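A short write-up of the structure that comes next.
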Amino acid sequence: MNRRDLLKNAAILLGGLSSASVVNAMLSGVDGRVKIATPIFSSAQKSMTAVLAEMIIPRTDTPGAIDAGVPHFIELMVSDWYTTRERTIYIEGLQSLDAYCLAQFKQSFLSSTEDQQITALEDAEKQSEAYKPAKPENLMGNEEDEDKPFFTKLKELTVLGYYSSELGATKELNYDPMPMRYGDIELADVERQWSS
């Protein structure tokens, strides 16, 4: 998925997130600057998370994931808010990317070239597309599937962290707290989605 497709679908994705841990974190005012109570990431895992988040939302004419503090947000969510099962899937996903790069390119994920890292991430995305939940999500989204694959978790956290950051909400999205008009507006006329 390219960045433009991701941005076009961000509003749908954010509307569909229902994880109790994500909701609780957002209600607690998590803004990416909150201290991590129980840090669990190694320095390599922190670096991998930063590279991966920036691959999903790179810096272009707008700030990227690193600029918006997304890697810290992801570490906070995984360390302090995820369930043990969710945390295990995330950590094993990082290990799996490393193992993929070692098997395919004879070097770690962080030592691999950008093209090799993209290939590894695309493989993780293919694996996530094959995942079928044990029970379908209900329409209200109240039932969170803790077993979602690594790539799905990574993408959700990256998009959520980015668009809930000040930079994501004000530099990537248009921000107008009081637009003073009502009606349908064509996206092409405003160039960016609106934040609230």
Side-chain angles (χ1 to χ4, degrees), residues 1-94 97 109-110 117-118 121 124-125 128 141 144-146 148-175 192-196:
M1 173 181 287
N2 67 36
R3 182 175 186 204
R4 297 303 166 206
D5 290 338
L6 180 70
L7 298 177
K8 284 185 346 191
N9 295 318
I12 294 167
L13 178 62
L14 288 175
L17 290 177
S18 62
S19 168
S21 61
V22 171
V23 172
N24 288 338
M26 297 308 291
L27 291 175
S28 298
V30 173
D31 66 359
R33 293 175 281 189
V34 174
K35 185 177 185 218
I36 299 168
T38 54
I40 61 165
F41 282 13
S42 67
S43 64
Q45 290 167 335
K46 286 181 184 193
S47 296
M48 282 181 75
T49 296
V51 168
L52 291 164
E54 192 72 12
M55 287 170 70
I56 293 171
I57 304 182
R59 180 188 297 163
T60 57
D61 61 325
T62 58
I66 291 175
D67 298 320
V70 172
H72 178 84
F73 176 81
I74 293 172
E75 183 181 4
L76 175 72
M77 295 298 293
V78 173
S79 297
D80 292 349
W81 292 95
Y82 262 15
T83 65
T84 301
R85 177 74 182 134
E86 291 171 314
R87 190 177 301 119
T88 299
I89 290 170
Y90 188 88
I91 297 299
E92 287 176 353
L94 292 177
L97 283 175
F109 177 84
L110 291 173
Q117 290 172 342
I118 289 170
L121 190 58
E125 182 179 26
S128 75
E144 179 60 28
D145 180 8
E146 291 184 342
K148 286 181 189 173
F150 165 74
F151 181 80
T152 303
K153 292 179 185 313
L154 172 69
K155 189 167 65 170
E156 285 179 352
L157 288 174
T158 301
V159 172
L160 180 63
Y162 186 76
Y163 287 107
S164 63
S165 73
E166 183 178 349
L167 281 177
T170 60
K171 301 294 183 196
E172 178 63 43
L173 300 171
N174 282 326
Y175 178 74
R192 298 195 197 292
Q193 289 284 357
W194 292 91
S195 68
S196 55

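Along the sequence shown, residues carry numbers from 1. All of these numbers come straight from a predicted model, not from anything done at the bench.
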| Which heavy atom of Thr158 sits nearest a heavy atom of Val70, and at what distance? | CA-CG1, 3.8 Å

| task | Quick one: list whatever passes ring pair (Phe, Tyr, Trp, His ring centres under 6.0 Å) with Tyr90, sequence neighbours left out. | result | Phe41, Phe150

| said: Checking Thr62 against Leu167 for the side chain to side chain contact (heavy atoms under 4.5 Å, CB included) test, could you report, in this order, the C-alpha distance in whole Å, the side-chain angles of both residues, the deciding distance, and whether it holds? | reply: CA-CA 9 Å; Thr62 58; Leu167 281 177; over 6 Å; no

| task | Compare every heavy atom of Ala68 with every heavy atom of Ser165, then report the nearest pair and how far apart it is. | result | OG-CB, 3.4 Å

| task | For Ser47, enumerate each residue passing the side chain to side chain contact (heavy atoms under 4.5 Å, CB included) test, keeping only those at least two apart in sequence or located in another chain. | result | Leu110

| said: Going by side-chain hydrogen bond (donor to acceptor under 3.5 Å, both in side chains), name the residues that satisfy it together with Glu146, two or more places apart in sequence or in a different chain. | reply: Thr83

| request: Decide yes or no for Gln117 and Leu97: does some side-chain heavy atom of the first lie under 4.5 Å from some side-chain heavy atom of the second? | output: no

| Minimum heavy-atom distance between Pro39 and Glu75, given as atom pair plus value | CB-OE2, 4.1 Å

| note | Sorted by chain and number, sequence neighbours left out, side-chain hydrogen bond (donor to acceptor under 3.5 Å, both in side chains) with Thr84 holds for none

| Checking side chain to side chain contact (heavy atoms under 4.5 Å, CB included) for the pair Ile56/Tyr162: CA distance, chi angles, key distance, verdict? | CA-CA 10 Å; Ile56 293 171; Tyr162 186 76; over 6 Å; no

| message | Please enumerate all residues that pass salt bridge (Lys or Arg N to Asp or Glu O under 4.0 Å) together with Asp67, with sequence neighbours excluded. | response | Arg59

| remark: Minimal heavy-atom distance between Pro149 and Ile89, with the atoms involved, is C-CG2, 4.0 Å

| message | So, using side chain to side chain contact (heavy atoms under 4.5 Å, CB included) as the criterion, who are the partners of Ile40 when residues are at least two apart? | response | Val78, Ser79, Arg87, Ile91

| task | Could you grab the distance from atom OG1 of Thr38 to atom CG of Leu76, nearest 0.5 Å is fine? | result | 9.0 Å

| task | Find the distance between CG (Leu121) and CG (Leu52) and round it off to the nearest 0.5 Å. | result | 6.0 Å

| message | If I take atom CE from residue Met48 and atom CG from residue Leu154, how far apart are they, to the nearest 0.5 angstrom? | response | 9.5 Å

| task | Taking all non-hydrogen atoms of both residues into account, name the closest pair between Lys153 and Asp145 and its distance. | result | NZ-O, 4.2 Å

| remark: Output for pair (His72 NE2, Lys35 NZ), nearest 0.5 Å, gives 10.5 Å

| Euclidean distance, Leu157 CG relative to Lys155 NZ, rounded to 0.5 Å | 12.0 Å

| Gln45 versus Ser42, closest heavy-atom pair with distance | OE1-N, 2.8 Å

| field | Residue from Val159, Thr152, Leu160 passing side chain to side chain contact (heavy atoms under 4.5 Å, CB included) with Glu156 | value | Thr152

